[in-house]
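All remarks here apply to the structure that follows.
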Amino acid sequence: MAAKYKSDFLNVLEQRGFIHQISDPEGLDALAAKETITAYVGYDATATSIHIGNLITVTLLYWLQETGHRPISLMGGGTSMVGDPSFRDDQRKLLTVEQIATNIESIKKVYSRILRYGEGPTDAIMVNNADWLLKLNYVEFLRDVGRYFSVNRMLSFDSVKLRLDREQSLSFLEFNYMIMQGYDFTELNRRYGTVLQMGGSDQWGNIINGVELSHKMGGPQLYALTTPLLTKSSGEKMGKSASGAVWLNGELFSPYDFWQYFRNTEDADVVKWLRIFTRLSLDEIAKIGALGGSEINEAKKILATEVTAIVHGRDAAEQAATTASATFEAGSLDLSLPTTEVWKGELAAGIGLLNALVQAGLAGSNGEARRHVQSGAVRVNDDVVSDDRLTLGTAALLPEGVIKLSVGKKKHALLKPV
């Protein structure tokens, strides 16, 4: 593929499918080709983990670092106290300072596996916007920063407009979020020389606010870059599994489930996800993409193993692949399958099959579990069951002391009494 840009950074992003919009492509390209730039992505700490939708922007920071530049992962210790209203139907639950701090500590584990942190010129740094946002004097902030924001323009942003069009309340607290995010950019430029903010396409308006704020306050030229919305070939938004969100924290979404999520990739998306989520060379990806017929399943296993290795480590990825092979290909019981602990007294009294499937994360509700049973997709200890009123007791325990539950050919879990 012919190089479109002068800088290695933008060429890598272009060739791998990361670029949706750039505020000034020529200016950013010239700067990145000439010198080491510092760029950041912001993440609010509203949960104990980021999810698969954030992985694309973390990967942006990885390639920024790999091409000789310095990444900043900005933790929203301050903005998380307000909550981003973008494309939400209601206000986020307000978190305490202690909850936010706990979330940030948990999220750090994911970043440390993907980025190289340190003191070197291209080593990543993690910054918390609470360091400046919580120290602001409100009146001074309104006078010095707020006066540069047009309410008329803020109301025109899709993230806000959609909420108002649906006649759903947008609190003044939330309305301040985009001002705070814009100010983050100017503060990061002042402290660290940051010239680029990156994010998902839904953040374009918020990022541009920061670019324009710098200009209005007499600061340097700043830049914006966003990634496309992650959608599957079927049109479905990427990021949901049968058991809920695909988190990057192994305590919330196991490495095995994570591996399975990518193993179940639609055929048409394999090459796309290999380019975006793995570190394989484009030549390797082209060879894998040439596989056809049943060989596409081997390509999916490569995808699943490579992405899981990045997020959870190579050992966890290979263990997940081995477990899947033993479970699906050899038909044996692998005790490293996702396991849900149940109170042994509850099992002695009998657990309803539908309840067991929900507890194990194989169905999102009793209704969904019932439909799985009625369609013949549910197996208990590899035996198909058709009675949705079935009760599981101690008699169902295998010699290994667990009960194996399956939905279809690819979803398996164990119930273990404790």
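Salt bridge status for Arg371 with Glu368: absent, with no side-chain N to carboxylate O gap under 4.0 Å. Lys232 and Asp269 are not joined by a salt bridge, as no carboxylate oxygen comes within less than 4.0 angstrom of a charged side-chain nitrogen. The pair Arg153-Glu212 counts as a salt bridge, with a side-chain nitrogen and a carboxylate oxygen less than 4.0 angstrom apart. Here Glu266 does not pair with Lys272 in a salt bridge; the nearest charged N to carboxylate O distance is not below 4.0 Å. Ion pair Glu105/Lys108 flagged as a salt bridge, since at least one NZ, NE, NH1 or NH2 atom sits closer than 4.0 Å to an Asp/Glu carboxylate oxygen.
How far CD of Gln203 is from CG of Asn209: 10.5 Å, rounded to the nearest 0.5 Å. Atoms CG and CD1, on Leu397 and Ile403 in that order, are 5.0 Å from each other to the nearest 0.5 Å. Distance check, rounded to the nearest 0.5 Å: CG of Leu414 to OG1 of Thr340 gives 8.5 Å. Of the inter-residue distances, the one linking Met198 atom CE with Ile72 atom CD1 reads 10.5 Å to the nearest 0.5 angstrom. Summarising the geometry, atom CD1 belonging to Ile125 is positioned 7.0 Å from atom OG1 belonging to Thr194; distances are rounded to the nearest 0.5 Å. Going from atom CD1 of Ile52 over to atom CG of Leu55 covers 5.0 Å, rounded to the nearest 0.5 Å.
The backbone N or O of Arg70 sits nowhere less than 3.5 Å from a side-chain atom of Thr122 that would complete a donor-acceptor pair. Between the side chain of Thr67 and the backbone N or O of Trp63 there is at least one donor-acceptor pair closer than 3.5 Å. A donor-acceptor pair under 3.5 Å is absent between the side-chain atoms of Arg263 and the main chain of Lys300, judged by distance alone. The backbone N or O of Ile37 sits less than 3.5 Å from a side-chain atom of His69, completing a donor-acceptor pair. Listed for the Asn128 side chain is a donor-acceptor partner under 3.5 Å among the backbone atoms of Ala130. Ser23 contributes a side-chain N or O that, together with a main-chain N or O of Ala224, makes up a donor-acceptor pair within less than 3.5 Å. Looking at Asn54, its side chain does come within 3.5 Å of a backbone N or O of His51 through a donor-acceptor pair. Between the Asn129 side chain and the Asp184 main chain, no donor and acceptor come within less than 3.5 Å of each other. Between the side chain of Ser80 and the backbone N or O of Gly77 there is no donor-acceptor pair closer than 3.5 Å. Thr265 places a side-chain N or O within 3.5 Å of a backbone atom of Phe262 that can act as its donor or acceptor partner.
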* To do: Quick one: do Lys344 and Lys416 satisfy side-chain contact (heavy atoms from CB on, under 4.5 Å)? Show the steps, please.
  => CA-CA 8 Å; Lys344 57 185 177 182; Lys416 180 180 179 181; over 6 Å; no

* To do: Run the numbers on Lys4 and Asn11 for side-chain contact (heavy atoms from CB on, under 4.5 Å), then give the verdict.
  => CA-CA 6 Å; Lys4 180 178 178 179; Asn11 273 322; 4.2 Å; yes

* Asked: Where do Ile19 and Thr227 land on the side-chain contact (heavy atoms from CB on, under 4.5 Å) test, with the steps shown first?
  -> CA-CA 5 Å; Ile19 298 176; Thr227 62; over 6 Å; no

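Identified under the ring pair (Phe, Tyr, Trp, His ring centres under 6.0 Å) test for residues 281-324, with sequence neighbours left out: Phe258-His312. Within the structure, every pair that satisfies the salt bridge (Lys or Arg N to Asp or Glu O under 4.0 Å) test and touches residues 120-136, not counting sequence neighbours, is listed here: Arg116-Asp123. Residue pairs meeting the ring pair (Phe, Tyr, Trp, His ring centres under 6.0 Å) criterion with at least one member in residues 93-123, sequence neighbours excluded: Tyr43-Tyr111.
Summarising the geometry of Ser201 relative to Pro228, their closest heavy-atom pair is OG-C, 4.3 Å, with the distance given to 0.1 Å. Taking both residues in full, the closest heavy atoms of Leu230 and Trp273 are given as CD2-CZ3, 3.7 Å, listed atom of the first, atom of the second, then distance. Taking every heavy atom of both residues into account, Ile50 and Trp247 meet most closely at O-CE3, 3.6 Å. Between Ile22 and Trp204, the shortest heavy-atom distance links the atoms C-CH2, 3.8 Å.
Asn249 and Thr48 form no side-chain donor-acceptor contact under 3.5 Å, judged by distance and modelled atom types alone. For Asp257 and Gln260, the side-chain atoms include no donor-acceptor pair closer than 3.5 Å. Side-chain N/O atoms of Thr102 and Gln99 include no donor and acceptor closer than 3.5 Å. In this model, a donor atom of one side chain and an acceptor atom of the other lie less than 3.5 Å apart for Gln319 and Thr323. Between the side chains of His20 and Thr226, no donor-acceptor pair of N or O atoms lies under 3.5 Å.
A search for side chain to side chain contact (heavy atoms under 4.5 Å, CB included) contacts involving Leu291 returns Ile288, Glu295, Ala299, not counting sequence neighbours. Every residue two or more places apart in sequence or in another chain that forms a ring pair (Phe, Tyr, Trp, His ring centres under 6.0 Å) with Phe141 is listed here: Tyr183. Among residues two or more places apart in sequence or in another chain, the side chain to side chain contact (heavy atoms under 4.5 Å, CB included) test is passed with Asn189 by Val195, Pro220, Leu222.
Within the 4.5 Å cutoff, side-chain heavy atoms of Gln374 are placed close to those of Asp388.
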